[in-house]
Amino acid sequence: AKQCNRGVVPEIEVPIHFKESLEYLNNFDFTLIPYEKEKDRTLKSFIKNIKSGKINIKTAGLFIGPEGGFSEEEVNLAVEFGGSPVTLGPRILRTETAGLAVLAILMYELGDIGY
């Protein structure tokens with residue numbers, strides 16, 4: 001954190017079951033769930049809404065699915081708890097790269113890097 005000039009040290013938690021993780025959604029102002037079957041809500045539109053002031057967030061969660069993706073039942077359950085599915089476009093990213101890609105895009109677009 002010191003090397004990166006961060007004021008907050010990111011926390012890494014132990015893995016938990018999906019249903020347990022849904023209880024954490026209320027800890028965030030907004031939680032994104034990249035989902036390959038989502039067609040309407042894009043990451044780009046989410047960012048546009050933040051920049052325009054339509055969405056005001058200080059904390060955000062990001063749920064990245066396992067290899068093979070989330071099931072429709074899991075996504076519907078997450079939505080019930082306040083999660084928001086978004087499409088990342090026509091490409092389906094691997095589990096190990098999807099989180100990094102989304103975070104890099106958010107950091108760039110919201111001014112954390114590359115201002």
Side-chain angles (χ1 to χ4, degrees):
K2 184 177 180 180
Q3 175 186 2
C4 298
N5 294 321
R6 293 185 66 95
V8 177
V9 178
E11 293 181 31
I12 307 293
E13 301 287 340
V14 297
I16 57 176
H17 290 283
F18 180 75
K19 288 186 179 181
E20 289 177 81
S21 69
L22 296 174
E23 297 172 16
Y24 285 88
L25 266 64
N26 63 7
N27 292 338
F28 302 106
D29 296 326
F30 204 89
T31 300
L32 293 176
I33 305 164
Y35 182 50
E36 66 274 7
K37 292 183 182 176
E38 176 59 48
K39 301 297 178 211
D40 298 325
R41 284 181 269 183
T42 65
L43 180 60
K44 192 175 200 172
S45 66
F46 170 74
I47 292 167
K48 185 177 179 180
N49 286 334
I50 292 173
K51 287 181 169 182
S52 71
K54 291 180 182 176
I55 299 175
N56 185 17
I57 64 168
K58 291 187 181 188
T59 61
L62 178 62
F63 272 34
I64 299 296
E67 185 175 332
F70 286 121
S71 70
E72 190 171 334
E73 178 184 293
E74 289 171 324
V75 171
N76 290 336
L77 191 56
V79 168
E80 286 179 32
F81 279 79
S84 296
V86 293
T87 178
L88 300 180
R91 306 288 174 259
I92 296 178
L93 303 177
R94 295 178 57 96
T95 295
E96 57 270 17
T97 56
L100 294 173
V102 172
L103 290 175
I105 291 166
L106 289 172
M107 289 171 62
Y108 177 80
E109 287 292 331
L110 300 177
D112 201 32
I113 59 174
Y115 358 149

Are the side chain of Asp29 and the backbone of Lys58 linked by a donor-acceptor contact shorter than 3.5 Å?
yes
Examine Leu93 and Val86 and state if one hydrophobic cluster contains both, with Ile, Leu, Val, Met, Phe, Trp and Tyr joined whenever side-chain heavy atoms are less than 4.5 Å apart.
yes
Interatomic distance, Thr95 atom OG1 to Leu100 atom CG [nearest 0.5 angstrom]:
11.5 Å
Separation of Leu106 CG from Phe46 CZ (nearest 0.5 Å):
6.5 Å
For Phe18, is the CZ atom crowded, meaning more than 12 foreign heavy atoms sit under 6.0 Å from it?
yes
Any heavy-atom pair between the side chains of Leu77 and Phe70 that's under 4.5 Å?
no
Counting only heavy atoms not in Glu72, do more than 12 sit closer than 6.0 Å to its CD atom?
no
Do Leu25 and Phe63 have side chains that approach each other closer than 4.5 Å (heavy atoms only, starting at C-beta)?
yes
Just wondering, do Phe81 and Asn26 contact through their side chains at under 4.5 Å, heavy atoms?
no
Measure across Ala78 and Ile33 and return the closest heavy-atom pair with its distance rounded to 0.1 Å.
CB-CD1, 3.3 Å
For Thr87 and Glu38, work out which heavy atoms get closest and say how close.
CB-O, 3.2 Å
Reference residue Glu109; test side chain to side chain contact (heavy atoms under 4.5 Å, CB included); the match among Leu43, Ile47, Ile50:
Ile47
Which residues pass the side-chain contact (heavy atoms from CB on, under 4.5 Å) test with Leu62, sequence neighbours left out?
Leu32, Pro34, Ile64, Val102, Leu103
Decide whether Leu88 and Ile105 are clustered together by the hydrophobic rule: side chain heavy atoms of Ile, Leu, Val, Met, Phe, Trp, Tyr closer than 4.5 Å, transitively.
yes
Please find the pair of heavy atoms, one from Phe30 and one from Ser84, that lie closest to each other, and give the distance.
CZ-OG, 3.5 Å
Matching residue for Pro85 among Asn76, Val79, Asp40 - test: side chain to side chain contact (heavy atoms under 4.5 Å, CB included):
Val79
Glu96, CD: over 12 other non-hydrogen atoms inside 6.0 angstrom:
yes
